[in-house]
Amino acid sequence: MDKINLKQFEVWFITGSQHLYGEETLKQVAVNAQKIVEHFNESGKIALEVVWKHTVKTPEEIKDVLQAANTSKKCVGVITWMHTFSPAKMWINGLKHLQKPLLHLHTQANRDIPWSSIDMDFMNLNQAAHGDREFGYICTRLNLPRKVVVGYWQNAEVQQKINIWSRVAAAWADSQNMKIARIGDNMREVAVTEGNKVSAQIQFGYSVNGYGVGDVVKYINSVSDKEVNTLLQEYNDIYTVMANTPEAEKSIYEAAKQEIGFRAFLEDGGFTAFTTTFENLHGLHQLPGLAVQRLMADGYGFGAEGDWKTAALLRTMKVMAVGLPGGVSFMEDYTYHLEPGRERVLGAHMLEVCSSIASVKPTLEVHSLGIGGKADPARLVFNVSPGPALNASMIDLGDHFRLIVNEVETVEADAKLPNLPVARTVWIPKPDFVIGAKRWIESGGAHHTVYSQALSAEFLVDFATIAEIELIPIK
Ligand code: MN
């Protein structure tokens, strides 16, 4: 899989106006819009390329540019701004057919009113205050999902909001083509990891298809010793490898083979997300732990126990988070500390936590696993740094999808955890443990989540808006 490159995506900047004001004003409108776009691209604060488009002044021009946005492979979203008044009936035909995410930027070229010199020329040129209201009305009238960002275009907060939306728009584009390999089926009898794959494809674009574990085993069995030894060298370079017995060494060797085999299987099929299940491991030496951890760190979405919804959400959040500090991982609310007033959650999984959230150099260890009936699996063990984070869960309620997002505060464990041989993180849900957990459960949130220290809740608000799904924020 190629590394995710956000610069391959564009968002188009479209300025609305009309012919009423004459050529001079329109010239100035174009100059100002280009200045804003240049500033966005030079500030380095917006991850995607912002592309200036000619000022639109007629229904035909509006329809043309929005249709071009629909069919452009690079364009993942459209930013609109009404520098002057742009009568919004002109926008109806274009907006009605717009298929790309929309951000309405409500700003003004001039920051300050020139109080002592203001005249009607200034008033005619700087009309966003009412022009954008006319545009907002028609968006609401058309029931168009969009993000409205308000403020002076040089403000850091304004650019950050545009940046977040742009990243989400890129993730949305990625989701339209995402292929998810469901290796094995669901963990038997589990409810929340099930769902309607056809509904999901209609809603999110991605496709989920099943494969037998043997399809992957074929790849693993054809891996050469040479390939494995090269990878083992990499493990030695970047992890503290703890293998004191021949069996442990053998487990790490087999885990490396799995990683190479899984990677080849995923690349050949064009998959960017996958699931496994410990109830279907025929032909595998061990439950894939290390391989999954490392594939996640490279940007693959993953869900354990057949959980394809979480795999998809993880991949989507990986795209949003490219290049940001903090990681994104598969996670599970595992066990509680219920000391009154100091309640917290220990999050982990049997093995599959992404090393992108590791606070220190992980140790590579081999331990027995009571589940799955296979050889002792290799896994990376590490802690996660304290700080703000969130958990996100996508559930299928039969007639619609719901995204539940709980902001949490990650904290240090009360002691070192020498006997806990898995990657783990400890957090306190917001607004507090009782309310956070209660709302989560009342909302039907899953035990599997995507945990991230790279993304704020605003990313997921934007995602829910674009995907047109229900959002339950818990904060
Ligand atoms: Mn699980």
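On a predicted model such as this, the values are computed, not experimentally measured, just so you know. One-based numbering, in listed order, for ligands and for the atoms of each. Along the sequence shown, residues carry numbers from 1.
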Among the N/O/S atoms of Glu332, select the one at the shortest distance from the Mn ion (ligand 1) and name it.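 Result for Glu332 and the Mn ion (ligand 1): OE1.
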
Considering only N, O or S atoms of His448, the one closest to the Mn ion (ligand 1):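 Considering only N, O and S atoms, His448 comes nearest to the Mn ion (ligand 1) through NE2.
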
Are Ile180 and Phe274 side-chain neighbours, meaning at least one heavy-atom pair lies under 4.5 Å?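 No - every pair of side-chain heavy atoms lies 4.5 Å or more apart.
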
Minimum-distance pair of heavy atoms, taken over all atoms of Thr316 and Ala171: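 Nearest pair, atom of Thr316 first, then Ala171: O-CB, 3.4 Å.
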
So which heavy atom on Ala256 is nearest to which on Leu232, and how close? CB-CD2, 4.0 Å

Asp307 side, atom CG; Phe330 side, atom CZ - distance, nearest 0.5 Å: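 Output value for this atom pair is 6.0 Å.
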
Indicate if the distance from the Mn ion (ligand 1) to the nearest N, O or S atom of His447 falls below 2.8 Å.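 No - counting backbone and side chain alike, His447 has no N, O or S atom under 2.8 Å.
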
Output yes if Asp307 passes the N/O/S-under-2.8 Å test against the Mn ion (ligand 1); output no otherwise. no

Assess the residue pair His104 and Trp81 against the criterion (side chain to side chain contact (heavy atoms under 4.5 Å, CB included)); give the C-alpha distance rounded to whole Å, side-chain angles, the decisive distance to 0.1 Å, and a yes or no. CA-CA 6 Å; His104 178 194; Trp81 171 47; 5.8 Å; no

Angular separation of His349 NE2 and Glu305 OE1 about the Mn ion (ligand 1), given to 10°: 110°

